[in-house]
Amino acid sequence: MTELKNDLLIRALLREPVSRTPVWIMRQAGRYLPEYRELRKQAGDFMSLCRNPELACEVTLQPLRRFKLDAAILFSDILMIPDAMGLGLYFEEGEGPKFERPVRTASDIRKLPMPDVADKLGFVFDAVSTIRGELDGEVPLIGFAGSPWTVGTYMVEGGSSRDFQKIKGLAKEDPATLDEMLAKLASVTTDYLNAQIEAGAQAIMIFDTWGAALPRDDYRRFSLQSMQQIVDKLTREKYGQQIPVILFTKGAGETLEDMVETGCDALGVDWTTELATAREYVRDRVALQGNLDPATLRESPEIIRQGVADTLASYGTGPGHVFNLGHGITPDIDPDHLGVLVDAVHELSPAYHS
């Protein structure tokens, strides 16, 4: 495979010395870019973009043409696995993802098929290999999946939820059945991520958007345990290169201490926890990724630069920091404002890597 010309992200995730802090942005390929909106219009809908390897490649590369980012991230969706299980994923404008056939009972969960990811999701792996070819080693490619708990919330609720009433009810009334569903998801997700690595992904991120909706003990059982099962069986080296693994639980707070024990290489941190505090929690055992508040990008260039400076200062000196937002970039952001952020990281971060 082509040797990486810019390996700052990989080295930072492995807590190796770097000349400056690498930067990439969650949802960096998406609706805030006019070229993305145009391509989506041409494709017809979101799922058509995801299922077309050439179009998914184009979307993945769009932000790299605008900004000096240190990574590409596969354009896809965290709900590909339940769609492959036959739950009928669809998107309604303004309402987010929904499933035609949610799973609500022990019988529903027992009947969930274990899809062959190569058969059902081959278009994702075709996209990964296509993107790797187009990148030609300029920056690494990040593959990803949703955590079993987060994906499970959509499967049980039937779509997005604010209170997670149905899945929390299942956790209280029939926890063994919920465990069974999460174990199935962990197994398929492991296959899915390993296939991404086989196709060319050079780092892996697991998005646990809704883990913090659980009390800490329930979080350990229903969210962290299934992520642990995935981490334990992931391919961690390919062609002699380590494949770093990033876990991100939005709103993790002090549970970052628990997440370190999984054996992951890095933890994403949202904007509600100072990086200095997060660094105390993890005691430099893993790298940290984050964590500027996405809302900062609505502000003036001066405020954005100050936000970058404050984030860098919060992490402090030494290896192990990847600059990112504390969650995904929102559709209303002026792309030029992201350019201000990226340029500020390039300019201000070398002082922290003497």
Side-chain angles (χ1 to χ4, degrees), residues 25-63 73-104 108 112-113 115 117 119-128 131 142-167 181 185 188-189 192-193 196 205-211 213 248 250 294 325 327-333 335:
I25 302 298
M26 287 185 276
R27 293 189 191 144
Q28 66 189 24
R31 288 177 291 171
Y32 74 105
L33 291 176
E35 56 266 42
Y36 168 83
R37 295 195 295 271
E38 182 60 32
L39 193 63
R40 177 166 170 170
K41 190 186 304 180
Q42 293 174 21
D45 57 48
F46 174 74
M47 291 303 290
S48 295
L49 273 183
C50 291
R51 291 186 175 124
N52 185 309
E54 287 72 27
L55 294 181
C57 174
E58 172 61 21
V59 173
T60 300
L61 298 178
Q62 284 176 344
I73 182 166
L74 168 68
F75 179 76
S76 188
D77 192 82
I78 65 169
L79 298 179
M80 290 300 176
I81 288 174
D83 189 45
M85 288 176 157
L87 302 190
L89 174 66
Y90 66 101
F91 288 80
E92 286 195 353
E93 198 65 37
E95 295 189 32
K98 291 190 175 183
F99 285 107
E100 296 172 0
R101 294 171 290 280
V103 293
R104 299 275 167 76
D108 292 338
L112 275 175
V117 294
D119 176 49
K120 296 292 188 179
L121 296 168
F123 58 87
V124 175
F125 316 130
D126 289 344
V128 170
I131 296 163
I142 302 168
F144 73 91
S147 74
W149 165 259
T150 289
V151 171
T153 65
Y154 291 94
M155 292 168 61
V156 174
E157 301 293 334
S160 302
S161 176
R162 292 185 177 181
D163 57 13
F164 308 102
Q165 181 179 352
K166 294 181 179 67
I167 194 167
M181 183 185 79
L185 284 170
V188 178
T189 302
Y192 180 57
L193 290 173
Q196 289 184 39
M205 185 161 174
I206 300 174
F207 287 88
D208 182 37
T209 312
W210 302 125
F248 174 60
K250 183 184 176 188
L325 299 178
H327 200 237
I329 188 169
T330 52
D332 60 317
I333 296 303

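The shortest distance between side-chain heavy atoms of Glu35 and Val59 does not fall below 4.5 Å. With contacts defined as side-chain heavy-atom distances shorter than 4.5 Å, the pair Asp108/Val156 does not qualify. Counting heavy atoms from C-beta on, the side chains of Ile73 and Thr60 never come closer than 4.5 Å. In this structure, Ser161 and Asp163 have side chains that are in contact, with non-hydrogen atoms separated by less than 4.5 Å. With contacts defined as side-chain heavy-atom distances shorter than 4.5 Å, the pair Pro335/Leu33 qualifies. Side-chain contact between Tyr192 and Ile81: present, with at least one pair of heavy atoms (C-beta onward) separated by less than 4.5 Å. Proximity of His327 to Thr209: side-chain heavy atoms (C-beta onward) are separated by under 4.5 Å at one or more points.
The two residues Gly158 and Pro102 come nearest to each other via the heavy atoms CA-CB, 3.8 Å. The minimum heavy-atom distance between Leu112 and Val103, with the atom names listed, is CD2-CG1, 3.8 Å. Taking every heavy atom of both residues into account, Tyr154 and Pro97 meet most closely at CE2-CG, 3.8 Å. In this structure, Met47 and Phe91 approach most closely via the heavy-atom pair SD-CE1, 3.5 Å. Across all non-hydrogen atoms, the minimal contact from Met80 to Cys50 is CE-CB, 3.2 Å. Of all non-hydrogen atoms in Leu74 and Ile131, the two that sit nearest each other are CD1-CD1, 3.8 Å.
No more than 12 heavy atoms of other residues, nucleotides or ligands shown are found within 6.0 angstrom of CZ on Arg31.
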**Request:** Using the ring-ring contact (aromatic ring centres under 6.0 Å, His included) rule, take Tyr36 and Phe75 through it: C-alpha gap first, then chi angles, then the decisive distance, then the call.
**Result:** CA-CA 11 Å; Tyr36 168 83; Phe75 179 76; 5.8 Å; yes
**Request:** Show your working on side-chain hydrogen bond (donor to acceptor under 3.5 Å, both in side chains) between Thr150 and Ser147 and close with a plain yes or no.
**Result:** CA-CA 5 Å; Thr150 289; Ser147 74; 3.2 Å; yes
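Residue pairs satisfying the salt bridge (Lys or Arg N to Asp or Glu O under 4.0 Å) criterion with at least one member in residues 75-86, sequence neighbours excluded, are listed as follows: Arg51-Asp83.
Separation of atoms OG1 (Thr153) and NZ (Lys166) is listed at 12.0 Å; rounding is to 0.5 Å. To the nearest 0.5 Å, atom CD of residue Gln196 and atom OG1 of residue Thr189 are 10.0 Å apart. One finds the CZ atom of Arg104 at 10.5 Å from the CD1 atom of Ile167 (value rounded to the nearest 0.5 Å).
The backbone N or O of Ala29 sits nowhere less than 3.5 Å from a side-chain atom of Gln62 that would complete a donor-acceptor pair. Although no hydrogens or angles enter the test, the distance criterion places no donor-acceptor pair under 3.5 Å between the side chain of Arg40 and the main chain of Asp45. At distances below 3.5 Å, not a single donor-acceptor pair connects side-chain atoms of Trp210 with backbone N or O atoms of Trp149. Proximity of a side-chain donor or acceptor of Gln28 to a complementary backbone N or O of Ile25 within less than 3.5 Å is detected.
Using the six-membered ring where Trp is involved, Phe207 and Phe144 have ring planes that are perpendicular, over 60° apart on the 30 and 60° scheme.
Applying the salt bridge (Lys or Arg N to Asp or Glu O under 4.0 Å) criterion to Asp332, with sequence neighbours excluded, gives Arg298.
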